[in-house]
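Order of the sequence lines sets the chain letters (A, B, ...), proteins ahead of strands, with each chain counted from 1.
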Protein chains: 4
Amino acid sequence: MAPKVSEEYKEKKRQDLLKSAMACFAEKGYQTATIDDIVTHSGMSKGAFYNYFSSKEEIYLTLLKQSVYLSFQKLREAIQSKETAKEKLKHVFDIYSNLDFTKKSIQNHRVQIEFWIIASRNDNLIDHMKTHAKVFHDFLIEIIEEGQKKSEFSKDIKSADVSEIFWAITDGLFLHMLVEKDEFPMKRLYQTAGKMILKYLEK
Amino acid sequence: MAPKVSEEYKEKKRQDLLKSAMACFAEKGYQTATIDDIVTHSGMSKGAFYNYFSSKEEIYLTLLKQSVYLSFQKLREAIQSKETAKEKLKHVFDIYSNLDFTKKSIQNHRVQIEFWIIASRNDNLIDHMKTHAKVFHDFLIEIIEEGQKKSEFSKDIKSADVSEIFWAITDGLFLHMLVEKDEFPMKRLYQTAGKMILKYLEK
Amino acid sequence: MAPKVSEEYKEKKRQDLLKSAMACFAEKGYQTATIDDIVTHSGMSKGAFYNYFSSKEEIYLTLLKQSVYLSFQKLREAIQSKETAKEKLKHVFDIYSNLDFTKKSIQNHRVQIEFWIIASRNDNLIDHMKTHAKVFHDFLIEIIEEGQKKSEFSKDIKSADVSEIFWAITDGLFLHMLVEKDEFPMKRLYQTAGKMILKYLEK
Amino acid sequence: MAPKVSEEYKEKKRQDLLKSAMACFAEKGYQTATIDDIVTHSGMSKGAFYNYFSSKEEIYLTLLKQSVYLSFQKLREAIQSKETAKEKLKHVFDIYSNLDFTKKSIQNHRVQIEFWIIASRNDNLIDHMKTHAKVFHDFLIEIIEEGQKKSEFSKDIKSADVSEIFWAITDGLFLHMLVEKDEFPMKRLYQTAGKMILKYLEK
DNA sequence: TATGAATGAGGCTTCATTCAT
DNA sequence: CATGAATGAAGCCTCATTCAT
C-alpha cells in the first residue's frame, strides 16, 4: 500500500512539533512543560504527537541534537571568509557578542544549559553531549592551532585549554544573563573576554 | 513546659534533612527528586519533614542560602592574610583550582547551576539569586579596585566586567565538568584562566 | 478533526459525574466525600473526573446551581395556571408539602443546607448563595404583592418579611426532618405553616 | 497516691479546651478546624488535649451537649416570672429577637446547625440530637397546652406542630442570617413570626 | 500530667501515555 | 493517520493521633 500522506507532509508536521516543543521547553523548562502544552502550541492532537515521537524524552533529545547542529553550522559558515586565525577568532567573538539577546535567543540558551545539566545525570546522554561539545571544542582548537602555526599566537599555550575557557565563558555569561536579564551588558562583556583571550594568546 | 527535645536535637534533625535533601537534589535534580526520596534518605517520615520545612521549595532555598553562605565564608577567610590585591586574586584562583573535585563537590555545583536556571523562570526567586550573586561579585570587585588604587592593575579596566567574566568562567567550567567528569583538568584550566585574567589586569 | 465523541456523550458523562457527586455529597457531606468516592461511584477514573471538572469545589458549585435552578423551574411552572395570589401561595405550600420525602429528596436538601453553612464562611461563595436565595425570595414577594394589589392580602404587611419567614420555615423543617426522619409529619407541618401564613396575610 | 493536681484545676483546663474548641469550630467549622488550632488557641499542648478528650469527635460532642444545655437553662429561667401562656410565649419570642446578633452569637448558632447536619448522618449521634430537640420541643408544647387549658389559645390546634414550626423558624432564620449577615433584620423578622404564631394560636 | 516531635494514612491534583473510534 | 477521552501512578501536603521523655 502506498503511504497515505507524503513524506514531506510528515516531515513538516515533525518539524512543527519540534518547534512547538522548543518554544514550550524554553518557556517552562523540560520538566514543567507538558505534552499538552506542546500539542496546544502546535495545534495538533496528542495522538498525532505520539505518531511522530514516542515520548517526551525523545522529542527533547531530537531537539537537542538538531539545535546543537544548527548553531554549529552557522558558526562554521560565518568563519569561512576570514584569512588569519586572529581574524577568525575575533569574528567568533563578534558573532556571539552581536547575537540578538532577545527573549527568544536567551531562552534557546537556557534550554541548552538545561540540556547539559540533565544530560550530566544520564549516562545514555552524556556521550551525546561530549560528542556535541567536542565539535565546538575542535572547531576552536583548529583556529588556535592555525594561529600558532602561522606564528600569530604563542606556541607555549595549550590550545585545548584556551578553547575550553572560551566556551566556559560563553556558557557562564549566558547563565548569568538569564538572571540579570535586560541590565546585563552581554556585548561589552563578550568583547572584553575576547580581548582578554587574544591578549593571552598573543606572544 | 520546656520543649521536650533540645534545640540541638532539632537543629541536628534539620541538618540531617538538609543533607539528605542535598544528596537527593544532587542525584536527581530539584524537579525530579521527591519528598519521599528525601525522607527515605534521611530515615524520617514525611510528617517529620513538614515539621521542619514547609515545602520542597523551602528546603531547597534554605539549602542554597546555606551553601552560598558557607562557600563565601570560606572565600573571605582565605583571603584575609594576603597583602596585595594580586596575591588575593591569585589565592582566589588557587582556592577554586584546588577544590576537591569529588563527586560531592561537583554535585553541589550542579544543584547551584540548576537552581540558577529554575530561578531565572521564577520572579520570586530571581531576586534571591541576584542578591547571592552580588555578594560574590562585590567581593571580587573590591579586590580588583584595591589593586587599581595601589597601581597593581590598570585603571582603564572596568572592575565589574572582569569580575563578571571571572564568575562566568567559574560557572562555565563547572558546567562543563559535569559532563566531562574525571577527565576534566579543572585545576589546570582554572590556573590558566587565572593567568589570563591577571595578564589582562596588569598594566 | 471533529471530536471523536459526541457532545451528547460528554454531556452524559458530565451528568453521570454530577449524579455520583450528589450521591456522595449527600451520603457523606461535602468535606467528607472524596474525589475517590465520586469516581468509584461513577465507575470512572480520577483522571476522567478532572477532564470534566477542575476541582471538587467546582463540581459542588455546578451541582448547586443546577439543583437550585431545577427546583426553581418546577416551582415557577407549577404556579402558572393559578389565578389568584392566594391560590398561588396555597399551591406553593402544596408543592412543598407533597414533595416525596424519600431519602433522595431529603439528602438533596441536606446538601443545600450544608452548602449554605460552608458558603457562610467563604466570601467567594456567599455572593452565589445570596443570588440563589434572591431568586426564591423575589418569587414569593411577587406573589404576595400581587395579592396585596388585588386586595386579597392586607397591605400593612411587609411582603419581604413574610417571604423570609416562609423560606425560614422551609429550611428549618428540612433541617429537623434530617434528624427525625420517617416519623416527621412534614406534610401536615407544612400545611399548618401554610395556614398560619395565609391567616396572617389575610385582612 | 493522691492526685497531683486538684479536680478544680483539671476542670478548669477542660473548660478552657471546650471554649477554645467552640471558638475554633465556630470560626472554621468542625471539619476544617484542627486539633492544632484548638491547642494553639488554648495555649496548651496537644498531649494535654488528649489527656482531657480522647478525640476531636469527643470534644465536639461534649460541646454540643453543654451548649444545648446552657441555652435551654437560660430559656427556662427567663420564663419563670410570667403568668399567662401568652406572656410566656411572647417572652420567648422576645428573648430570641433580642439576642445580640454579634459575630460570636451567630457563630454559636452556626456550630449548632452544623452539629445538626453532621448528626443527621451518624446513627450514634442522631439519638442524642433527638433528645436535645425534645427538650426544647416539650418546653414549648407545655406552654402552648397551658394556654389551651386556660382557654387563651384555640384547642383545635396541635401544640406539637406549632412548636415544631416555631423551632423551624428559629433555625431557618439563623441559617439565612449566616449568609445575609449585617443586613438581616432578625429582630423584626422574629417579632413578625411571633405575631404570626400568636394570631394562629388565638381563637 | 505535660510536651511536642513523629507517624503515616489519606486527600487533592497532575500528566505521560494509551487506545477506541 | 488523527482525535482526545480515559487511565492511574505518582507527587505534594495535611492532620488526627501516639508516645518517648
Engineer: Using whole Å, what does the distance between atom C1' of nucleotide F:dA10 and atom NZ of B:Lys28 come to?
Structural biologist: 12 Å

Engineer: Atom CD1 of C:Ile126 and atom CD1 of C:Ile118: how far apart are they, to the nearest 0.5 Å?
Structural biologist: 12.5 Å

Engineer: Please state how far atom CD1 in D:Ile38 lies from atom P in E:dG4, giving the value in whole angstrom units.
Structural biologist: 17 Å

Engineer: Of all the nucleotides listed (E:dC12, E:dA2, F:dC1), which has the minimum atom distance to the side chain of A:Lys10?
Structural biologist: F:dC1

Engineer: Can you sort out which residues in residues 54-66 of chain D have a heavy atom within less than 4.0 Å of DNA chain F? Ascending by number, please.
Structural biologist: D:Ser55, D:Lys56

Engineer: So which one's nearest nucleotide on DNA chain F is more toward 5', D:Phe49 or C:Met44?
Structural biologist: C:Met44

Engineer: D:Phe53 has an atom CZ; how far is it from atom C1' of F:dT18, in whole Å?
Structural biologist: 19 Å

Engineer: 5'-most contact on DNA chain E: A:Asp36 or A:Gly47, nearest heavy atom basis?
Structural biologist: A:Asp36

Engineer: Would A:Thr34 and A:Asp37 count as having a side-chain donor-acceptor pair, cut-off 3.5 Å?
Structural biologist: yes

Engineer: Look at the side chain of D:Lys46 against the base of F:dT18 and say whether a donor-acceptor pair falls under 3.5 Å; ignore hydrogens and angles.
Structural biologist: no

Engineer: Report the nucleotide, chosen from E:dA16, E:dT7, F:dT7, that has the shortest atom-to-atom distance to any side-chain atom of A:Ile35.
Structural biologist: E:dA16

Engineer: Between B:Glu58 and B:Ser54 (side chain of the first, backbone of the second, donor and acceptor by atom type, cut-off under 3.5 Å), is there such a pair?
Structural biologist: yes

Engineer: To the nearest angstrom, how far is D:Phe25 atom CZ from F:dA16 atom P?
Structural biologist: 9 Å

Engineer: Looking at A:Glu7 and A:Lys12, does any basic side-chain N land under 4.0 Å from a carboxylate oxygen?
Structural biologist: no

Engineer: Would A:Tyr30 and A:Phe115 satisfy ring pair (Phe, Tyr, Trp, His ring centres under 6.0 Å), going step by step from the backbone distance to the final call?
Structural biologist: CA-CA 9 Å; A:Tyr30 173 64; A:Phe115 275 154; 8.3 Å; no

Engineer: Taking the side chain of D:Ala48 as heavy atoms from C-beta outward, which of E:dC12, F:dC12, E:dA2 is closest to it?
Structural biologist: E:dA2

Engineer: Return the value, rounded to whole Å, for the distance between atom CD of D:Gln31 and atom P of E:dG11.
Structural biologist: 12 Å

Engineer: Between E:dT1 and D:Asn51, is there an OP1 or OP2 to side-chain N/O distance shorter than 4.0 Å?
Structural biologist: no

Engineer: In whole Å, what is the span from the NZ atom of B:Lys12 to the P atom of E:dA5?
Structural biologist: 16 Å

Engineer: Looking at B:Lys65 and B:Tyr60, would you say the former's side chain and the latter's main chain have a donor-acceptor pair under 3.5 Å?
Structural biologist: no

Engineer: What does F:dC19 pair with, Watson-Crick or G-U, if both distances are under 3.5 Å?
Structural biologist: E:dG4

Engineer: For F:dA6, does either OP1 or OP2 sit under 4.0 Å from a side-chain N or O belonging to C:Lys13?
Structural biologist: yes

Engineer: Looking across every strand, which nucleic acid part, if any, lies under 4.0 Å from C:Thr34 by heavy atom: base, sugar-phosphate, or nothing?
Structural biologist: sugar-phosphate

Engineer: C:Tyr50 has an atom OH; how far is it from atom C1' of E:dA16, in whole Å?
Structural biologist: 18 Å

Engineer: What's the closest nucleotide to the B:Tyr52 side chain, out of E:dC12, F:dT7, E:dA6?
Structural biologist: E:dA6

Engineer: Using a heavy-atom cut-off of 4.0 Å across all strands, would you classify B:Tyr9 as base, sugar-phosphate, or nothing?
Structural biologist: sugar-phosphate

Engineer: Without swapping roles, check the side chain of B:Arg110 against the backbone of B:Leu178 for a donor-acceptor pair under 3.5 Å.
Structural biologist: no

Engineer: Please answer whether the main-chain N or O of B:Ile117 pairs with a side-chain N or O of B:Ser120 as donor and acceptor at a distance below 3.5 Å.
Structural biologist: yes

Engineer: Output the rounded distance in Å from CG (A:Asp16) to P (F:dA2).
Structural biologist: 12 Å

